[in-house]
Amino acid sequence: MEAIQGNLLTILMGAWGVVTASLILLLIWRAMLESHEEDQIFLDAAGDAMAREQREIVGKIGRLSKPITTLMVLSGVLLLGVAGVWLWQGFKNF
């Protein structure tokens with residue numbers, strides 16, 4: 001039974017590490033996109049291309065919101081799972 005608990009803790013920690021690393025990469029990517037976003041209004045025809053580019057950037061940022069939220073929740077749940085298994089092992093061995 002101890003081997004299963006140890007393996008479960010290792011698997012949970014590995015999964016948490018992968019999910020959290022993915023979350024960090026997505027947050028970095030979103031920050032890079034946001035740094036290219038400008039707060040300007042383009043009123044002439046020459047600015048249409050720039051306005052279209054800004055709309056594309058805003059769209060990409062919007063599409064990243066759901067995966068980032070999902071990874072945040074999953075990372076939190078896995079972290080709580082790791083803490084729970086770790087505490088359970090500690091109390092069982094105490």
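In terms of hydrophobic clustering, with Ile, Leu, Val, Met, Phe, Trp and Tyr side chains grouped at heavy-atom distances under 4.5 Å, Ile24 and Val82 are assigned to a common cluster. Hydrophobic clustering of Ile, Leu, Val, Met, Phe, Trp and Tyr side chains at less than 4.5 Å, counting indirect connections, keeps Val77 apart from Leu26. In this structure, Val58 is not a member of the same hydrophobic cluster as Leu27, with clusters built from ILVMFWY side-chain heavy atoms closer than 4.5 Å. Hydrophobic clustering, with ILVMFWY side chains joined whenever heavy atoms are under 4.5 angstrom apart, keeps Leu25 apart from Ile68. Trp88 and Leu80 are members of different hydrophobic clusters when ILVMFWY side chains are connected at heavy-atom separations under 4.5 Å.
For Leu64 against Leu33, the heavy-atom pair with the smallest separation is CD1-CD1, 3.9 Å.
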Identify every side-chain donor-acceptor pair in residues 11-21 under 3.5 Å, counting partners at least two apart or on other chains, and give the distances.
{"from": "Trp16", "atom 1": "NE1", "to": "Thr20", "atom 2": "OG1", "distance (Å)": "3.2"}
{"from": "Trp16", "atom 1": "NE1", "to": "Ser75", "atom 2": "O", "distance (Å)": "3.4"}
{"from": "Trp16", "atom 1": "NE1", "to": "Ser75", "atom 2": "OG", "distance (Å)": "3.2"}
{"from": "Thr20", "atom 1": "OG1", "to": "Trp16", "atom 2": "O", "distance (Å)": "2.7"}
{"from": "Thr20", "atom 1": "OG1", "to": "Ser75", "atom 2": "OG", "distance (Å)": "2.9"}

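Scored by the side-chain contact (heavy atoms from CB on, under 4.5 Å) test, Arg63 finds Lys60 as partners (sequence neighbours excluded). Residues passing the side-chain contact (heavy atoms from CB on, under 4.5 Å) test with Glu34, sequence neighbours excluded: Arg30, Glu37, Ile61.
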